[in-house]
Amino acid sequence: MSQSRNIPPTVLIIGSGVFGLGTAYALAQRLEYRNTKITLLDRLEFPAQDASSIDSSRIVRPDYPDAAYSKLASQARKYWRRDFGADGRYTESGLCLLLDETDENNGRDYLNKSLENVRDKLGLKVGRREEGGKITVLNDLSDIREVIKGMDGDLGRCGYVNWTSGWAQAEDAMKYLRTLVEETGRVKFRRTELKQLLFKNGDTVEGAELTSGEQVTADLTILATGAWTPKFLDLRGIASASGQILTYLDLTQEEQDRLGSNPSILNESNGMFIIQPSNRVLKVARHGYGYANPTTIPHPERPESGEEITVSLPRTKTDDPNLNVPLEGTKACREFLARYLPDLADRPFTHTRICWYTDTPNSDWLIDYHPKYKGLFVTTGGSGHAYKFLPIIGDRIVDVLSGKDRNQFGAELRKKWQWPKQKFRQDHVWTDGWRGGRKGMVLDEELTRAKL
Ligand SMILES: Cc1cc2nc3c(=O)[nH]c(=O)nc-3n(C[C@H](O)[C@H](O)[C@H](O)COP(=O)(O)OP(=O)(O)OC[C@H]3O[C@@H](n4cnc5c(N)ncnc54)[C@H](O)[C@@H]3O)c2cc1C
Ligand SMILES: *[C@@H]1O[C@H](CO)[C@@H](O)[C@H](O)[C@H]1NC(C)=O
Ligand SMILES: *[C@@H]1O[C@H](CO)[C@@H](O)[C@H](O)[C@H]1NC(C)=O
Ligand SMILES: *[C@@H]1O[C@H](CO)[C@@H](O)[C@H](O)[C@H]1NC(C)=O
């Protein structure tokens with residue numbers, strides 16, 4: 001139920017990713033918050049290199065099976081197509097789904113179903129791009145070669161390109177948003193690390209205790225710490241960090257020119273994808289079940305109790321500069337490359353990275369007041385798909401926060417994002433549409449395996 005809230009005199013936002021920075025921007029612009037003091041803190045210098053919102057690229061793909069997300073994504077894309085995506089921050093180069101007859105989702109059958117849906121329900125024009133087609137069907141290898149240039153590997157048997165998708169230069173767009181927030185003059189930025197929330201009487205949060213020992217109080221605390229959030233609240237069965245693999249390789253200028261205007265390529269059966277190269281760097285990655293990193297910590301809501309819980313938390317190059325993608329993961333990227341771009345199959349990765357999703361059981365985000373603690377609002381649970389909403393996500397978050405919907409899907413979205421009434425029994429058994437890789441991988445086990 002929508003309910004107007006009192007305006008807090010002070011707001012403390014913790015975490016400066018898509019969710020936290022977006023919230024700061026929307027709050028700074030709303031008239032009713034004009035007297036609110038807003039502080040945004042992050043443990044790392046902006047842009048935080050291990051945050052999931054910071055990377056060379058993120059796919060902007062508005063086709064969700066769910067109508068509310070799909071509408072929201074189309075709204076966001078309007079901004080990507082304008083100022084937000086200017087200066088190379090957004091490129092609408094299409095997304096190409098490639099299939100084999102043998103693919104799990106049954107090759108052509110799947111293709112036909114997706115296409116029926118677009119033609120009949122959405123009225124998107126099917127045809128060649130040069131002729132204004134928004135969807136181009138690829139019926140054989142020669143069709144595929146016509147849209148994927150300069151790749152002489154085995155590109156599959158059929159597929160389609162959706163020319164209405166693109167990709168964003170993720171770090172650049174975050175910097176752009178940061179500048180917009182700075183220009184409002186309304187937000188105080190601090191680089192400092194949350195140690196724990198300040199709980200009072202077991203029913204209120206009064207702000208944050210920092211690792212320096214300093215206490216920062218606030219009328220409203222907004223926790224937006226991405227995949228690190230389970231360190232500060234007991235989110236077992238609600239949200240959990242899963243490590244995803246990214247590999248990068250350097251290209252020559254000739255290769256960049258040859259491949260640079262291709263659509264992104266995706267195999268929905270194994271989650272592997274290649275985003276078109278930019279600045280002579282090619283990225284190969286996997287949208288997978290990911291690695292869990294089980295970590296035993298003091299119960300975040302009762303630190304003095306001596307009680308401990310085990311939750312999956314991120315481990316990144318900030319914690320361990322030598323941390324790289326386990327062999328299992330680099331092998332998957334190599335195999336993918338060998339198939340599509342055999343001439344690059346042996347090119348060393350210049351850099352690999354594990355980037356952390358904040359997964360929820362059904363991939364809906366978690367954006368709500370905490371059911372138990374007054375003064376605490378949580379916004380997280382990106383589940384690997386929140387980046388594309390960067391231009392507008394803050395507005396929707398503040399809708400929930402203020403209890404005033406400004407979006408026609410407000411009520412529907414609020415319901416999806418609300419604090420779950422029931423916890424899942426286990427973390428990391430989430431099932432969301434399509435994900436690749438094995439289920440149940442544990443980071444340390446995979447890292448050890450690599451050394452044997
Ligand atoms: C590999 C990968 C690929 C993805 N691809 C896509 C895609 O193609 N399309 C798409 O739409 N989405 C994609 N996503 C999802 C999207 O990037 C995320 O949903 C989104 O960035 C999540 O933002 P966030 O604000 O929750 O987290 P983050 O960006 O991680 O922000 C959390 C912030 O909290 C800070 N923090 C943590 N602990 C503390 C502390 N103790 N004190 C202070 N600050 C702290 C961190 O430094 C960080 O800056 C992808 C994600 C990953 C990892
Ligand atoms: C292509 O993208 C549009 C949104 O831009 C989406 O509605 C449609 O379902 C997509 N089509 C396919 C076949 O993926
Ligand atoms: C897919 O559609 C094409 C024509 O649109 C048809 O010839 C083909 O038999 C269909 N394939 C399947 C598996 O349904
Ligand atoms: C996609 O991945 C599946 C599973 O690994 C594989 O069998 C199939 O050949 C791949 N298809 C393409 C077109 O790469």
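Model, not experiment: these values are computed from the prediction. Order of appearance sets the numbers: ligands from 1, and atoms from 1 within every ligand.
Scanning the protein heavy atoms around atom 40 (C) of ligand 1, the nearest turns out to be L194 N, 3.7 Å. Here the protein heavy atom with the shortest distance to atom 16 (C) of ligand 1 is Y387 N, 3.5 Å. Ranking protein heavy atoms by distance to atom 23 (O) of ligand 1, first place goes to S53 OG, 3.2 Å. Ranking the protein heavy atoms by distance from atom 18 (C) of ligand 1 puts S52 OG, 3.8 Å first.
Contact check for T10 versus L12: no side-chain heavy atoms found under the 4.5 Å cut-off.
A salt bridge does not link R353 with D50: none of the charged nitrogens is closer than 4.0 Å to a carboxylate oxygen. The residues K71 and E412 are annotated as not salt-bridged, no charged nitrogen and carboxylate oxygen being separated by less than 4.0 angstrom. D143 has no carboxylate O lying under 4.0 Å from a charged side-chain N of R128, or vice versa, which leaves the two without a salt bridge. For D320 and K317, the salt-bridge test fails: no basic side-chain N is under 4.0 Å from an acidic carboxylate O. Salt-bridge check for K37 with D219: failed, with every basic side-chain N at 4.0 Å or more from each acidic carboxylate O. Ion pairing between K125 and E131 fails under the 4.0 Å rule for side-chain N and carboxylate O. Classification of E45 and R178 as a salt-bridged pair fails, no side-chain N sitting under 4.0 Å from a carboxylate O. Remark: D172 does not engage R89 in a salt bridge, criterion side-chain N to carboxylate O under 4.0 Å. A salt bridge does not link E335 with K331: none of the charged nitrogens is closer than 4.0 Å to a carboxylate oxygen. Using a 4.0 Å cut-off between charged side-chain N and carboxylate O, E446 and R438 make a salt bridge. Between R145 and D140 there is no salt bridge, since no side-chain nitrogen of the basic residue lies less than 4.0 Å from a carboxylate oxygen of the acidic one.
Contacts between W228 and ligand 1 below 4.0 angstrom, taking non-hydrogen atoms only, involve the side chain exclusively. Under 4.0 Å from ligand 1, not a single heavy atom of A170 appears. With a 4.0 Å cut-off on non-hydrogen atoms, L97 does not touch ligand 2 at all. Neither the backbone nor the side chain of R157 has a heavy atom within less than 4.0 Å of ligand 4.
Other residues, nucleotides and ligands contribute only 12 or fewer heavy atoms inside 6.0 Å of the NZ atom of K134.
Put simply, no part of T358 is less than 4.0 Å from ligand 1, judged by heavy atoms. Contact annotation: A285 has no heavy atom less than 4.0 Å from any atom of ligand 1.
T184 contributes no side-chain N or O that, together with a main-chain N or O of L180, makes up a donor-acceptor pair within less than 3.5 Å.
The contact set between ligand 1 and I59, taken as ligand atoms under 4.0 Å from a residue heavy atom, comprises 7 (C), 8 (O), 9 (N), 10 (C), 11 (O). The G15 neighbourhood of ligand 1 comprises atoms 33 (C), 34 (O), 35 (C), with distances under 4.0 Å to a heavy atom of that residue. For ligand 2, the atoms lying closer than 4.0 Å to a non-hydrogen atom of R77 are 5 (O). Atoms of ligand 2 found under 4.0 Å from any heavy atom of I135 (numbered from 1 in listed order, with element): 1 (C), 11 (N). Taking a cut-off of under 4.0 Å to the non-hydrogen atoms of P62, the atoms of ligand 2 that pass are 4 (C), 5 (O). Atoms of ligand 1 lying under 4.0 Å from any heavy atom of T192, numbered from 1 in the order shown and given with element: 43 (C). Ligand 1 places these atoms under 4.0 Å from at least one heavy atom of F232: 41 (N). Listed by number with element, the atoms of ligand 1 under 4.0 Å from a non-hydrogen atom of E193 are 40 (C), 41 (N), 42 (N). The distance from ligand 1 to the heavy atoms of L246 drops below 4.0 Å at these ligand atoms: 1 (C). Less than 4.0 angstrom separates some heavy atom of L99 from each of these atoms of ligand 4: 13 (C). Residue N162 approaches ligand 2 through these ligand atoms, each under 4.0 Å from one of its heavy atoms: 1 (C), 2 (O), 3 (C), 8 (C), 10 (C), 11 (N), 12 (C), 14 (O). Of all the atoms in ligand 1, the ones that sit under 4.0 Å from a non-hydrogen atom of C355 are 1 (C), 2 (C), 52 (C), 53 (C). Within ligand 4, the atoms closer than 4.0 Å to a non-hydrogen atom of L98 are 13 (C), numbered from 1 in the order shown. Residue-ligand proximity, G382 to ligand 1, at heavy-atom distances under 4.0 Å covers atoms 19 (O). Close contacts of ligand 4 with N267, meaning ligand atoms under 4.0 Å from a residue heavy atom, involve 1 (C), 2 (O), 3 (C), 8 (C), 10 (C), 11 (N), 12 (C), 14 (O).
Residue contacts with ligand 1: D50 is placed with no nitrogen or oxygen under 3.5 Å of a nitrogen or oxygen of the ligand (distance criterion only). In terms of polar-atom proximity, defined here as any N/O pair under 3.5 Å, A386 does make such a contact with ligand 1. The N/O atoms of Q244, backbone and side chain alike, include none that comes under 3.5 Å of an N/O atom in ligand 1. Annotation: N270 places an N or O atom under 3.5 Å from an N or O atom of ligand 4; distance criterion only.
Considering L21, D42, L95, I14 only, the shortest heavy-atom separation from atom 49 (O) of ligand 1 involves D42. Of the candidates T164, V161, V126, V60, T164 brings a heavy atom nearest to atom 3 (C) of ligand 2. Of the listed residues (R61, K388, R58), the one carrying the non-hydrogen atom nearest atom 6 (C) of ligand 1 is R58. Considering G226, G381, A168, A48 only, the shortest heavy-atom separation from atom 27 (O) of ligand 1 involves G226.
Note on ring orientation: taking the six-membered ring where Trp is involved, the planes of W365 and F19 are perpendicular (angle over 60°, cut-offs 30° and 60°). The aromatic rings of F84 and Y176 sit perpendicular to each other, their planes meeting at more than 60°, with 30° as the lower class boundary.
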side-chain contact (heavy atoms from CB on, under 4.5 Å) between S242 and M441, worked out: CA-CA 10 Å; S242 75; M441 285 190 285; over 6 Å; no
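Separating the CG atom in L401 from the CG atom in D368 is a distance of 10.0 Å, to the nearest 0.5 Å.
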